[in-house]
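Convention: sequence-line order gives letters A, B, ...; per-chain numbering from 1.
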Protein chains: 2
Amino acid sequence: MERDNGKGAVTRAAILARALDLASVDGLEGLTIGRLAKELEMSKSGLFAHFGSKQELQLATVGAAAERFRAAVIEPALEAPDGAPRLRAIADAYLAHLEDDDYYPGGCFWAATSAEYDDRPGPVHDAIAGALDTWLGALEHQAQVAGSPDPGRFAFELYAVVMGANSRFRMAGDPIVFAYAREAIDRLLAELPGNPRRGSVEQADLAQD
Amino acid sequence: MERDNGKGAVTRAAILARALDLASVDGLEGLTIGRLAKELEMSKSGLFAHFGSKQELQLATVGAAAERFRAAVIEPALEAPDGAPRLRAIADAYLAHLEDDDYYPGGCFWAATSAEYDDRPGPVHDAIAGALDTWLGALEHQAQVAGSPDPGRFAFELYAVVMGANSRFRMAGDPIVFAYAREAIDRLLAELPGNPRRGSVEQADLAQD
DNA sequence: CCTACCGATCGGTAGG
DNA sequence: CCTACCGATCGGTAGG
């Protein structure tokens with residue numbers, strides 16, 4: 001796909017960047033080839049030729065979203081140590097993007113498309129589900145490293161809180177939900193052994209608990 | 001709208017019941033007049049005449065969903081006393097519906113449509129947002145009655161957990177998320193003053209805390 | 001990457 | 001509640 005830097009690959013990347021924005025607002029069904037072509041000032045069939053079917057365009061868009069998420073949220077958090085610090089770094093990076101509104105114009109791509117495809121079986125559903133399972137799995141792994149007694153539940157709650165913040169912020173527009181989410185995450189992390197709450201005293205006092 | 005029991009009102013109710021099912025799977029945009037008419041074995045224009053525009057059909061569907069939610073989740077929970085017991089009753093009723101898969105065929109109508117409309121301003125967005133605000137407000141009120149130190153946060157977390165369970169169940173199909181959600185809700189309720197955890201000792205021992 | 005086209009379906013209207 | 005229709009747009013194809 002990207003094994004050369006020819007014009008085709010450049011055009012394809014430009015198409016997918018725009019497709020991501022459109023899909024995070026209108027979903028992967030609402031992403032139409034005609035509209036995408038018009039915004040990119042190219043012909044519908046010219047764009048179509050890059051993918052061969054709408055489904056292939058949708059799958060490529062899901063792949064591009066996964067790459068963007070990895071680069072924006074996962075990659076920077078790898079600088080934090082394994083376990084609780086990395087869990088906090090991932091949650092902070094994700095919430096910061098949602099709050100600053102500089103992530104996707106339509107909020108979280110995964111929130112929008114997972115709700116859209118939760119009842120539409122097929123390759124697109126499977127691609128979205130696979131990406132989400134990968135990230136939930138990464139959260140679960142970090143929770144396990146951090147000593148959580150129930151890493152699966154921990155990952156679920158972290159996921160629910162950040163997705164809930166996205167949903168409530170997009171619908172009601174009140175940024176107080178980010179404070180709620182951070183407080184919930186603080187309490188989640190405080191469950192982990194030997195992990196003090198944000199802004200509390202240094203770890204020494206609590207290490208004996 | 002329902003001030004008579006004539007044939008028009010009966011037909012309208014049948015249309016909306018079917019519209020609810022379609023919209024919880026394919027969203028309120030994916031709900032098309034032609035498909036709805038075909039499933040109900042009536043003409044497209046005959047159905048259209050009941051509403052006058054697609055937007056009016058969408059708004060009527062949102063109203064019908066609110067009524068169905070109220071009857072299925074809120075109404076039964078009113079038998080539980082104010083505060084923590086009612087919060088648990090609401091959460092249990094909601095999770096039971098999601099788990100039994102007998103609520104909407106496409107999972108939670110509100111999860112599907114709020115993600116779909118979070119970036120589409122207009123009357124449909126406002127109707128969905130209004131319904132969600134009403135229920136979040138009810139949760140917040142009950143949390144306040146139960147003595148929560150931060151009812152807004154409490155309501156947000158409860159909302160996030162049940163919506164997260166819906167989302168994960170629809171995408172991954174693993175019912176363990178309902179156990180995760182119930183555990184999270186137990187811990188949330190345990191934060192409230194004088195409220196023991198499900199299955200723990202009776203309230204007497206804790207009343208002094 | 002283009003023009004020109006296809007059948008199907010969209011929301012909506014005319015007229016009854 | 002119907003038949004018959006409208007212009008627009010959908011995904012996709014032919015042929016270059």
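- Residues A:Met163 and A:Tyr94 form a side-chain contact, since some pair of their non-hydrogen atoms from C-beta on lies under 4.5 Å apart.
- Here A:Glu191 pairs with A:Arg153, B:Arg187 under the salt bridge (Lys or Arg N to Asp or Glu O under 4.0 Å) rule; sequence neighbours left out.
- Taking the ring pair (Phe, Tyr, Trp, His ring centres under 6.0 Å) definition, one finds that B:Phe178 meets it with B:Phe169, sequence neighbours left out.
- Every residue meeting the side-chain hydrogen bond (donor to acceptor under 3.5 Å, both in side chains) condition with A:Glu39, not counting sequence neighbours, appears here in chain and number order: A:Arg18.
- A search for side chain to side chain contact (heavy atoms under 4.5 Å, CB included) contacts involving A:Ala172 returns A:Arg168, B:Asp133, not counting sequence neighbours.
- DNA chain D lies under 4.0 Å from no heavy atom of any residue of residues 114-123 of chain B.
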Donor-acceptor pairs are to be reported for all side-chain atoms of residues 59-66 of chain A against protein atoms at under 3.5 Å, with residues two or more places apart or in another chain.
from: A:Thr61; atom 1: OG1; to: A:Leu57; atom 2: O; distance (Å): 2.7

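- A side chain to side chain donor-acceptor pair (under 3.5 Å) check over residues 77-87 of chain A, counting only residues at least two apart or in different chains, returns the pairs A:Asp82-A:Arg86, A:Asp82-A:Gln142.
- B:Pro85 meets the side chain to side chain contact (heavy atoms under 4.5 Å, CB included) test with B:Ala80, B:Pro81; sequence neighbours excluded.
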Once base and sugar-phosphate atoms are separated, protein heavy atoms under 4.0 Å mark nucleotides 1-16 of chain D, 5' to 3', with B, S and - as BBB------SBBB---

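- The list of ring pair (Phe, Tyr, Trp, His ring centres under 6.0 Å) pairs with a residue in residues 114-149 of chain B, not counting sequence neighbours, reads B:Phe69-B:Trp135, B:Trp110-B:Trp135.
- One end of the helix from C:dC1-D:dG16 to C:dG16-D:dC1 points its axis 0° away from the other end's axis, with each axis taken from 5 pairs and the angle rounded to 10°.
- Applying the side chain to side chain contact (heavy atoms under 4.5 Å, CB included) test to B:Thr32 and every residue at least two apart in sequence or in another chain returns B:Arg35.
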